[in-house]
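Okay, structure first, notes after.
Within every chain, numbering begins at 1; the chains are lettered A, B, ... in the order of the sequence lines, protein sequences first and strands thereafter.
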Protein chains: 4
Amino acid sequence: MKDTRNQILDAAKRVITQKGFHGSTMEDIAKAAGVAKGTSYLYFKSKIELYLAVMEREFDYITSCFEEIIKSRIPVLKKIEGIISFFIEYMKENRDFVFSLMYEPPLIKMNKDVIHKRYRNKIDNIRHKFIEVLEEGIRRGDIIKEDPEVLADVIFGAIVRPVIQFVIRKKTGDIDSLKFKIMNILTKGIVRKGG
Amino acid sequence: MKDTRNQILDAAKRVITQKGFHGSTMEDIAKAAGVAKGTSYLYFKSKIELYLAVMEREFDYITSCFEEIIKSRIPVLKKIEGIISFFIEYMKENRDFVFSLMYEPPLIKMNKDVIHKRYRNKIDNIRHKFIEVLEEGIRRGDIIKEDPEVLADVIFGAIVRPVIQFVIRKKTGDIDSLKFKIMNILTKGIVRKGG
Amino acid sequence: MKDTRNQILDAAKRVITQKGFHGSTMEDIAKAAGVAKGTSYLYFKSKIELYLAVMEREFDYITSCFEEIIKSRIPVLKKIEGIISFFIEYMKENRDFVFSLMYEPPLIKMNKDVIHKRYRNKIDNIRHKFIEVLEEGIRRGDIIKEDPEVLADVIFGAIVRPVIQFVIRKKTGDIDSLKFKIMNILTKGIVRKGG
Amino acid sequence: MKDTRNQILDAAKRVITQKGFHGSTMEDIAKAAGVAKGTSYLYFKSKIELYLAVMEREFDYITSCFEEIIKSRIPVLKKIEGIISFFIEYMKENRDFVFSLMYEPPLIKMNKDVIHKRYRNKIDNIRHKFIEVLEEGIRRGDIIKEDPEVLADVIFGAIVRPVIQFVIRKKTGDIDSLKFKIMNILTKGIVRKGG
DNA sequence: AATGAATGAGACTTCATTCAT
DNA sequence: AATGAATGAAGTCTCATTCAT
């Protein structure tokens, strides 16, 4: 059996995903975790801290997956492919969570900057590591010579949006072929060359 | 002088941008609009309806700008360039609003699907028109032969993310050169070709 | 009809007198005032502020009565007699209030110094005026030459305690003769002189 | 080493003195006593009972000191002097305690009369013994012929208030001379005689 | 005797909404 | 059309108390 703290975190992720941050009460979450209201406060100072803890745990998981891919000794393009694959898998399993808690975080009264600082570091960290991978790719001659930051953001955007659109629309089409379509566009560029 | 309804909408946009949806009270908004609390209810049935009205007005504005670009008789790539330019301009002027109300909409207790349906149509509409433009480009041989939906999402993602990152980080660099960098990557692809 | 603010103050004095500060809920007080819970918060920022407002209003009343007596152009001893009379009257009408809110103020979590500063001024003010009266009495040769501060405190203590004891014990005896007994002891001293 | 029960009582006196009754949690007190929360409940049925135990122990101490003085075979006036001395000493050492727990007992939800009955006996007992001393003094011709109850209360009040005022104001003056000033006023009376 | 994790009743406070003026 | 005083449902958080170990 998991320890109480993790039970509460899991319940919070589930409940807030379903009802949103402001739509979920501490009572809801506690009940879902099978504990009493007060128990949540033994482990988390406040509702917002509980929420932040859920988010941090999630970001830590995502971060570690990204790092694994980025550190591996494979060509740059394979790494990008790997990221797409991971992101597709993660989205398939966490569709509602992403929309409720990540793509659309609640506007909590707490100074938003405070909240963001807690993630920004983690996100920035990942982004920076990806930029380094691209710089290496540029040096090796695998990637075009272009501002690596912009490259990183373009690639991330080009990955995230189609995957999210795919999952939102719950198309019955083949999600795996999506990876190749994205890679195709990214590698060749959108312009039709030659005859 | 603007009519009362628009005064309230403007105030709502300003206040909610600053304090977030749950951080703003109807009192706050009414005061900022220079009217009494009760007056807001003469024009909007509820707080959530006021919020949705703000959003709809904004989406209508964005939609009309996109349509203008998309309808114009210029080459596909020029249209994409135009979209980037517009998006950059919009973000420069609406940075905080985008982060508060669009990029991070509040998780209101109201069934989220209800909310999304109100925008989904507008967003879908735009997306669909953009897809048509790309299909036309593919037919003409200007754009590579690839799933037009994926193409549309990749391009949107590749535009939105770097612009947002640029604005978030408030880099002092030249934001206008950003457009050319994005276009460069999108048109050539990320892979270094030739020699 | 009294205005709402005063209705709430009166209800608060009554309810807190009966149940104590921590024993009274805002709901209790509001109901006793014939208003809704939220209404109290339109007039007082918090429960503790409401409590402090009750106390201040009371101290202001007592202060003004004391001032009236002290300012009047009568001999010092008559002033002391007047104070005893006032105190007896006040205690007869406010017995429970004095015990609940003044003689035994609640130990609120708020820094007690903060609370006391709100009264201390008023109390100090009265005490100081009384000291001045005694100084005048000493100069005139009506009062014995002794530290006027100690004199003031001795006299106040010698008045307050017997009156409170009398009221606590609800003796059926003649409360008015109490004044003369106190005056007798104070003026003659406790030692039997002469033969 | 003291037994656990007394450790808890001591901690309770210290903590409640500092934070007040409602500001102190059982956790606070237990921690200060170096025991676990549950342990307190092995020795005291409830928080209020713990509080009452602290008070009773204190009153017992004060009572025994008073009795010692009152029983001793010295003249009445010497006894009064002794009481002043004791009270000054006690106040110097227990200033904060007196203000937190005695001068301003918490308004606990429990029926206040219940609480008071626990002390009333002890206080009444002391008061009564003092009254007897005065009656004896009156019979012997040392004390003026006056209602002994009023005499007792006047004297107590005339002692307690100046000492408390002295301690509150933390005057740097000579606290020992205070005793003689009080005695002077009490014995001679406040009226300037002769000449 | 001792522990401390868990409980859950209960209180303060907020604020969207109403409605008499 | 406009006001703003009043409402009261609802939520967060605290903490005395219990009890299995």
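Of the two residues contacting DNA chain E, namely G34(A) and E27(C), the nearest-nucleotide position lying further toward the 5' end is that of G34(A). The 5' end of DNA chain F is approached more closely, in terms of each residue's nearest nucleotide, by S40(B) than by the other of K47(A) and S40(B). Heavy-atom nearest nucleotides on DNA chain E were determined for A36(D) and for G38(C), and the one closer to the 5' end corresponds to A36(D). Across the interface with DNA chain F, nearest-nucleotide mapping of L42(C) and K45(A) shows L42(C) to be the residue nearer the 5′ end.
Contact check for L50(A) versus Y43(A): no side-chain heavy atoms found under the 4.5 Å cut-off.
Between the side chains of D3(D) and N6(D), at least one donor N or O lies within less than 3.5 Å of an accepting N or O. Checking T63(C) against D60(C) by side-chain atom types alone, no donor-acceptor pair falls below 3.5 Å.
Nucleotide dA11(E) holds its P atom 13 Å from the CZ atom of F21(C), rounded to whole Å. Distance F44(D) CZ to dA16(F) P: 15 Å, rounded to the nearest Å. In this structure, Y41(A) places its OH atom 24 Å from P of dG4(E), rounding to the nearest Å. Here the P atom of nucleotide dC15(F) and the CD1 atom of I29(D) are 12 Å apart, to the nearest Å. Between E49(C) atom CD and dT14(E) atom P there is a gap of 12 Å when expressed in whole angstrom units. Atom CD of Q7(B) and atom P of dA1(F) are 14 Å apart (whole Å). For Y51(C) and dT13(E), the OH to C1' distance is 21 Å, given to the nearest whole Å. If you take NE2 of H22(C) and P of dA16(F), they are 11 Å apart, rounded to a whole angstrom.
Across every strand in view, dA1(E) sits unpaired, with no contact that passes the Watson-Crick or G-U test at under 3.5 angstrom. The nucleotide dG8(F) finds its pairing partner in dC15(E), both defining distances of the Watson-Crick or G-U wobble pair being shorter than 3.5 Å.
Judged by the 6.0 Å and 45° rule, K47(A) forms no cation-pi pair with Y41(A).
Residue contacts for Y43(B): at a heavy-atom cut-off of 4.0 Å it reaches the sugar-phosphate backbone alone, with no base atom in range.
Within the 4.0 Å cut-off from OP1 or OP2 of dA6(E), at least one side-chain nitrogen or oxygen of T4(A) is found. Using a 4.0 Å cut-off, some side-chain N or O of T39(C) falls inside it from OP1 or OP2 of dT7(F).
Residue K37(D) places a side-chain atom within donor-acceptor reach of the base of dT17(F), judged by atom type and a 3.5 Å distance cut-off alone.
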task: For R57(A) and D10(A), run salt bridge (charged side-chain N to carboxylate O under 4.0 Å, His left out): C-alpha distance rounded to whole Å, both residues' side-chain angles, the deciding distance at 0.1 Å, then the answer.
output: CA-CA 10 Å; R57(A) 195 180 58 159; D10(A) 290 342; 2.8 Å; yes
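Minimum atom distance to the side chain of M26(D) is reached by dT17(F), of the listed dT17(F), dC15(F), dT12(F).
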